[in-house]
Amino acid sequence: MLKFAADLNFYIMERRKLLNSELHRLTVDEFRNAGKSGIAVILDNVRSAHNVGSAFRTADAFLADEIALCGICALPPSPEIHKTALGAENSVAWRHFDRTEDAVIYYKERGYAAIAVEQTENSVMLNDFTPLPGEKYAFIFGNEVKGVCQQAVDMSDASLEIPQYGTKHSLNVSVSVGIVLWDFSSKKR
C-alpha cells in the first residue's frame, strides 16, 4: 500500500505517455535565442564521444549557455556524439580548447565562477551548494579515469562534490553532468 499518498486518485488517473509534439519543446532557433541559464559546461579530456554527446543533450535540457570541449574530447560532427546527443550538438553552442586551463581562463574572464566537480579537500557537497542570484557558473567535469586535472582544480573558485554512499568512488561523467545541471536548475528556479 502507498503510505505516502495523500490522494489515491493521483495513482488511478490516466498516465498516457505524451507525444513529442505535446511536449512543446523549443526549436533549435528558439533555443539559440532563448534566455540561457548562466551555466557553461567544461569537459576536461572526456574520452568517450558518447559521454560528450550525453553532455550536449543534458546541456540542451537545462538551457546551458555552451559547452567547452577540451583536449582529447571528440568534436562535432561525429556519429558517436550524435547517437547520444540526438541533435543537441546542433542547438548548444560549443567551442574547443587544447587545454582545459585555457577554458577556465576564458570563462572566468567572462564573469563565470569556475567550479570543479571533483572530490577535493574542502569541497562543498552538492546538497549544500546554493547558487547566488545572477551569478554565472562554469562547471568543470573530468576525464572518465583521472577526473578533473589538478591544474584546473587549482584554478577553480571552488570544488563541488556529489554525495555518494556506495562502494565506488565516482559516477560516470555524463551522470555527473546530469545531476549537477538538474540540481543547479532546480535551485535557481
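Heads up: numbering here begins at 1 and tracks the sequence.
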Under 3.5 Å, side chain of [X] to main-chain N/O of [Y], donor-acceptor pair present?
X: Glu135; Y: Leu132; value: no
X: His169; Y: Gln119; value: no
X: Asn45; Y: Ile72; value: yes
X: Ser156; Y: Ala152; value: yes
X: Asp44; Y: Asn143; value: no
X: Ser174; Y: Asn51; value: no

Kindly give the heavy-atom pair with the smallest separation between [X] and [Y], and that separation in Å.
X: Lys187; Y: Leu126; value: NZ-O, 2.7 Å
X: Leu69; Y: Ala74; value: CD1-O, 3.7 Å
X: Ala49; Y: Thr84; value: O-OG1, 4.3 Å
X: Leu63; Y: Gly35; value: CD1-O, 3.6 Å
X: Val52; Y: Ile81; value: CG1-CD1, 3.9 Å
X: Gly38; Y: Asp65; value: N-OD1, 3.1 Å

Can you tell if the side chain of [X] reaches within under 4.5 Å of the side chain of [Y], non-hydrogen atoms only?
X: Val124; Y: Glu161; answer: no
X: Phe56; Y: Pro76; answer: yes
X: Ser37; Y: Phe62; answer: no
X: Val153; Y: Ile140; answer: no
X: Gln164; Y: Leu171; answer: yes
X: Leu86; Y: Arg57; answer: yes
X: Val180; Y: Asp183; answer: no
X: Phe141; Y: Val41; answer: yes

For residues [X] and [Y], is any side-chain donor paired with an opposing acceptor at under 3.5 Å?
X: Glu144; Y: Asn172; value: no
X: Tyr106; Y: Glu101; value: no
X: Ser78; Y: Glu80; value: yes
X: Thr120; Y: Ser159; value: yes
X: His82; Y: Glu89; value: yes

Are [X] and [Y] ion-paired here, with the side-chain N under 4.0 Å from a carboxylate O?
X: Asp157; Y: Lys108; value: yes
X: Glu22; Y: Arg16; value: yes
X: Asp102; Y: Arg99; value: yes

Determine whether [X] and [Y] fall in the same hydrophobic cluster, where Ile, Leu, Val, Met, Phe, Trp and Tyr are linked whenever their side-chain heavy atoms lie under 4.5 Å apart.
X: Leu26; Y: Val28; value: no
X: Phe184; Y: Ile67; value: yes
X: Ile115; Y: Tyr112; value: no

I'd like to know whether the aromatic ring centres of Phe129 and Tyr137 sit less than 6.0 Å apart in this structure.
yes

Between Thr58 and Trp182, is the side chain to side chain contact (heavy atoms under 4.5 Å, CB included) condition met? List the steps.
CA-CA 9 Å; Thr58 301; Trp182 177 86; over 6 Å; no

Find the distance between [atom1] ([X]) and [atom2] ([Y]) and round it off to the nearest 0.5 Å.
X: Asn127; Y: Leu160; atom1: CG; atom2: CG; result: 9.5 Å
X: Met155; Y: Cys149; atom1: CE; atom2: SG; result: 9.0 Å
X: Gln150; Y: Glu118; atom1: CD; atom2: CD; result: 8.5 Å
X: Arg32; Y: Thr27; atom1: CZ; atom2: OG1; result: 9.0 Å

Answer yes or no: are there more than 12 heavy-atom neighbours, outside Asp128 itself, under 6.0 Å from its atom CG?
yes

Verdict with supporting geometry, Val92 and Phe31, side chain to side chain contact (heavy atoms under 4.5 Å, CB included):
CA-CA 8 Å; Val92 178; Phe31 179 92; 3.9 Å; yes

Does Val148 form a side chain to side chain contact (heavy atoms under 4.5 Å, CB included) with Val117? I'd like the steps, not just the answer.
CA-CA 7 Å; Val148 177; Val117 180; 5.6 Å; no

Worked check of side chain to side chain contact (heavy atoms under 4.5 Å, CB included) between Phe139 and Ile39:
CA-CA 7 Å; Phe139 294 108; Ile39 298 172; 3.9 Å; yes

